[in-house]
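Convention: sequence-line order gives letters A, B, ...; per-chain numbering from 1.
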Amino acid sequence: MRAVLRSLRAPLRLWRWLWNRAPRQIVVTREGKILIGIALGAGFAAINTGNNLLFLSWGMVLTAIIVSGLLSEQTLRVLEVRCKAPEEARAGQPVPLPVVLHNTALRTAALGVSVDLQISGPKNPALAEPLYNLPAPFTLRLGPGESHELFARFVPAGRGLHRLLRLRASTTYPFGFFEKSRPFRPAREIRFWVAPARVDVSQLSLELFAALGEEPARRPGSGTEFFSLRPYRTGDDPRRIQWRRSAKANRWVVVETEALAARQVRLVLSLGGVEPRLAEHGLAVLGSLSEDLLARGFAVGVEAPGLLLAPGRGARQRWEILHGLAQVDIQAAMPVAPDTPGLSRIALQLPGAASLAGVDAVVQLGGGPDASEVAA
Amino acid sequence: MTLRQAYGWGWVLVLELGLLAVLLGGELSPLFAVSMLAPVVVWPFSPRALSVPGWVGTSIATAGLAGGVLTVATRGLGAILLGGAVALVGILVGRVLSRRTLEHDVQALVLSLLLVFAGTVLHTQITYGVVFVLYAVAAVWALLTRQLVRVARSESERAGDPARFEAALRRRDLISPRFALITAGLSVLVLLTTSGLFLFFPRIGFGNLGLLAQGRDRFPTAVSLVGAPRAGAGNEVLARVLGVPYAEYAAGLYMRGPVYEHMEASAFVALPDRPLMTPSRMVLAPTSRKLQYEVFAQPVMGAVLPTLGPAERVEMLSGGQANPSLRTRVLGQGPAGEVLANGPLSGPLRYGVRGGLARPGGHRGDPRLRHNARTQAVIDRFTKLPKDLDPRIPALAADILRQQGLEGEASPADKARVLGDYLARQFTYSLEHGNGDRPDPLAGFLFEERRGHCEYFATALAALLRTTGVASRVVGGLQGGKWHGDPSDPEAVVVFTAANAHAWVEWFDPTRGWITEDATPAASAGPTFLTGVAAWLESLSRGWDDYVVDYNAQAQLDLLRKATRAAGSPWQALRAHVSVRALSIGLSMVVLAGLLVAWWRWRRRRAEEPHEDLLAAHLLRAAARVSGEAPSTSATVREAVEAVSWPGAAGALAGEALRAYEASRFAGQEVSTEDILRWCRQLEQVARSQR
């Protein structure tokens, strides 16, 4: 029995391969199955009896099938569907995938079109289901020459490279007996990286902020220390005028104070000897902590297996970190980081991971995704 | 109209038409008309709509199913389709009354489709054609609106917001004139394709499931005085006869069907298993010269092919079975001269007859016939009386003859004339059958009520004749008919409907054969014409019978031959089949429709004041067409136009149009309507050239 099933596997695989590459795919709906059953029964009876009225009624049922095929083809033929990769995607959060539908016809409207997408996740043994069949966005009517932008949403289970496997436009127009689909193959493969999930590390980031404090920013700002004197400009606070110097110079001179800036930190995460699920959790904490510290003004750099990012600030650095973490191979070796004066290296220590040398502080992480398990 | 109303009405219409498809056939009891109330009662599509508890719906459906089974059990396998229709109606009503979801509506639509299929056997009149066309249109409407409802429901389920579904059902913009136009177009497409399939699908009948049809053997096997009269008020055409001269029609036509020869107390009964015999002039005396005529008849008389008199030659042309492509054979003639087919008839049939006409009076005698032992055997057989015959009846016959001075050796012809006159003058024709309740209906008719329908008159005359020693029998069939056409038109037909059903008498003259006699006073009505709407409806009905019900493999081959010939010389073929008048009317209608469309488009264009947005839309469409991809939704018109490499002079045109658009849109400069329309047309051409 098992041998028979095994022998059937190859033809089934071939059939699936052919099916996925067919220019049109048709799925019969429940109503369609009933209609086909009636058509078969009526056809048998009509041919058997030669009853003309039965032929007439049978003709109507067959016509419904033929017209369904013709009109759904008319709808699909004039469509162009394009999908764009999302600009940012986080594991565990809804990712909107923009899909543009364009009706190329000059006169014919496309009716009742839905778009069917399938995304494959990274081939990660820690993930149970690397395939995502996205709920199809739908447009009721797409006029001639019109374009609609729809969004398909999905929640990736884990970080890593995701690919668009299937992009199909489907319609059950006009009668709902059949769902006809037309696959679209983008000229370039649609792929995007999904960053690690966001976890709550607000307490940890607050403690780090308190422990590391701030440093002079070497630029004028709202600090308390003297920075420089400069001529008065319209809009300056009159309380900042330095009267003595103004009298000497015979013009208004104001005092500038030096701004304070958060320190530079580099977060270090070693994943050697850590099981994959825990490693993913560590990466999620690293990404979230980086985001929080960046939001508090820190210049944040990252050291993780195969990833070394110099400290930086702002949205660009945030994107670099998240994008880099999305690509981390947990089996890769730790990079060799150069010593940078004034930079605090903070290690995130996962249970069971090897200890790191040469760090300024160590944060012990719990084993789960809950923030309460994170302890400094 | 809101989406809810459009869907609800379409759904109701489909169900009503499905029910009509079987109810109009007349096979179901008129009580079933109550079922048509069910869809109307629950018509509004809404969860709040009337919905009886599930067990009530189940009970109704079960009752329908039981009714169907009972119908088959009591009437036999021949009524299986009738039983099926009864069950279907019950299930449909149960389903409709207890509907709660869209899926229930689909089930009801499927049941209505099955009823339409049942109607193909139970309802073959032209009304089925009308119902069928309306059903197709209503089904297209219902399915299209159902698609919209289904999509709205899916969207609301995806959003987890039931209010969205309710809001969509209240939308009025979806059911627009354009939607109605799409439905109409789709309906026309469906009907045209259906017609094409009907015409050209090969009629390859393997077998014959016609035996499952309810027996259309509507002529009873006896002329009984108990029960309803055979004459009814039905307009259903039972037979058409082509080729009878008007003068013969005006003299009265009797279309002979089954012959009832065995007399019982209150009935004449047709005997089964009678031997076949060769045609003989002794059998039936004609009243006219020989005629050649063609009969189209519904299968209402068992295996008997009705003729207008003694048939010399009968040729089956088509039909006779549920499968029109299978031809029934003529088996021969029965002992009473009736023409018999080789089996029970289950479909309309067409046959040619050569023979004379038989009707009361003016019979031609056959000088070769002599009274002999053979004719005596006939007399002995057809003068048998039932033992329980009221003794007043022979006394009445003798009394009538005595009053006319015909005692003793009066001829059978004199006896028949006198007795017939007595009944025709002294008795009243009435379709009420109060006599049927009496213990002896015949005696009740002759001595008390003195009024009755044709079966009373025929039975009474035959009985009176038998008591005086004249061999007689009762014949059932059709009488009179209506003339359809001009009296001089050779293509005119005599149309017999259910209202023409009749019974009369044949008595035996040893020197002339069987003579037709009719004592029913109402039978002597003059010729009647089909005129006005009735004539038009009959033409339609004839076309339906000839080209739809009776369409067969031979007709299909003929059509293909004609089509092949017409393809060679279409104009001549058109002239041959379509009159100049019809052609001119058709062309005028096409021109009128064209003018209407042009006027409508002109009005629409006038109503849509052209402005810069129209120009922008054309620019974007042309840009999309030339570049092969839709402009980004965030791009301005200028960005979209400048991102495209325009071919040839199209670039200059696009630039000019773009500048005009921007000047109008942003600088408030006026651009003339003519210029906007011109640019739009030119951009449209650019877009088209990229196809």
Side-chain angles (χ1 to χ4, degrees), chain A residues 29-31 34-35 37-38 41-64 66-68 70-71 80 82 98 100-106 109 111-112 114 135-141 144-149 171-177, chain B residues 103 106 110 113-114 116-117 119-121 124 128 132 136 139-140 143-144 146-148 150-151 154-155 158 174 186 189-191 193-198 201 203-210 321-326 347 548-552 617 620-621 624-625 629-631 633 684 687-688:
Chain A
T29 62
R30 193 161 166 266
E31 293 87 348
I34 294 171
L35 190 80
I38 290 176
F44 173 75
I47 289 173
N48 198 309
T49 61
N51 181 337
N52 278 310
L53 298 186
L54 206 49
F55 266 109
L56 197 66
S57 308
W58 184 42
M60 183 176 69
V61 174
L62 290 182
T63 297
I66 294 168
V67 168
S68 287
L70 290 177
L71 291 182
E80 275 180 12
R82 280 181 291 129
V100 179
L101 264 87
H102 176 59
N103 182 356
T104 60
L106 286 173
L111 296 162
S114 64
F138 196 95
T139 183
L140 202 56
R141 185 176 184 279
E146 278 182 9
S147 292
H148 281 188
E149 190 169 33
T171 183
T172 52
Y173 177 78
F175 300 136
F177 296 136
Chain B
E103 281 65 35
V106 177
V110 170
L113 182 62
L114 293 179
V116 170
F117 278 115
T120 61
V121 176
T124 55
Y128 181 84
F132 179 81
V140 168
L143 287 170
L144 285 178
R146 186 183 155 276
Q147 270 294 92
L148 296 177
R150 206 175 74 152
V151 167
S154 306
E155 285 296 280
R158 188 175 300 153
L174 292 172
L186 265 181
L189 184 65
V190 165
L191 288 170
T193 317
T194 301
S195 308
L197 282 171
F198 172 79
F201 192 89
R203 294 297 194 273
I204 38 171
F206 296 136
N208 192 348
L209 282 179
Q321 300 192 24
N323 182 349
S325 299
L326 302 177
V548 180
V549 177
D550 209 20
Y551 186 69
N552 57 27
L620 290 175
R621 191 182 299 179
R625 178 64 76 179
E629 60 179 20
T633 46
E684 186 87 20
R688 272 191 204 163

Proximal component of [X], with respect to chain A [non-hydrogen, under 4.5 Å]:
X      : answer
B:L620 : neither
B:V548 : both
B:V151 : side chain
B:L143 : both
B:L113 : side chain

- Message: As an exercise: rank A:E146, A:R30, A:R82, A:E31 by heavy-atom pairs under 4.5 Å with chain B and give me the winner.
- Response: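 Ranked by heavy-atom pairs under 4.5 Å with chain B, first place is A:E31.
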Between [X] and chain B, with a heavy-atom cut-off of 4.5 Å, which part of the residue counts as in contact: side chain, backbone, both or neither?
X      : answer
A:L71  : side chain
A:T104 : both
A:L54  : both
A:F177 : side chain

- Item | Interatomic distance, A:L35 atom CG to A:F175 atom CZ [nearest 0.5 angstrom] | 10.0 Å
- Query: Hey, what do you get for OG1 (B:T194) to CG (A:L56), rounding to the nearest 0.5 Å?
  - Reply: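 Output value for this atom pair is 7.0 Å.
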- Examine the side chains of A:S57 and B:T120 and answer whether a donor and an acceptor come within less than 3.5 Å of each other. no
- Message: Check whether B:F198 forms a cation-pi arrangement with B:R203 (NZ or CZ under 6.0 Å from the six-membered ring centre, at most 45° off the ring normal).
- Response: yes
- Message: Would the distance check show the side chain of A:S114 and the main-chain N or O of A:T171 forming a donor-acceptor pair, the cut-off being under 3.5 Å?
- Response: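 No, because the side chain of A:S114 does not come within donor-acceptor range (under 3.5 Å) of the backbone of A:T171.
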- Task: Keeping the roles fixed (side chain from A:N51, backbone from A:A46), state whether a donor-acceptor pair exists under 3.5 Å.
- Result: no
- Task: Return the minimal non-hydrogen interatomic distance between A:S68 and A:P174, and the atom names on each side.
- Result: CA-CD, 3.6 Å
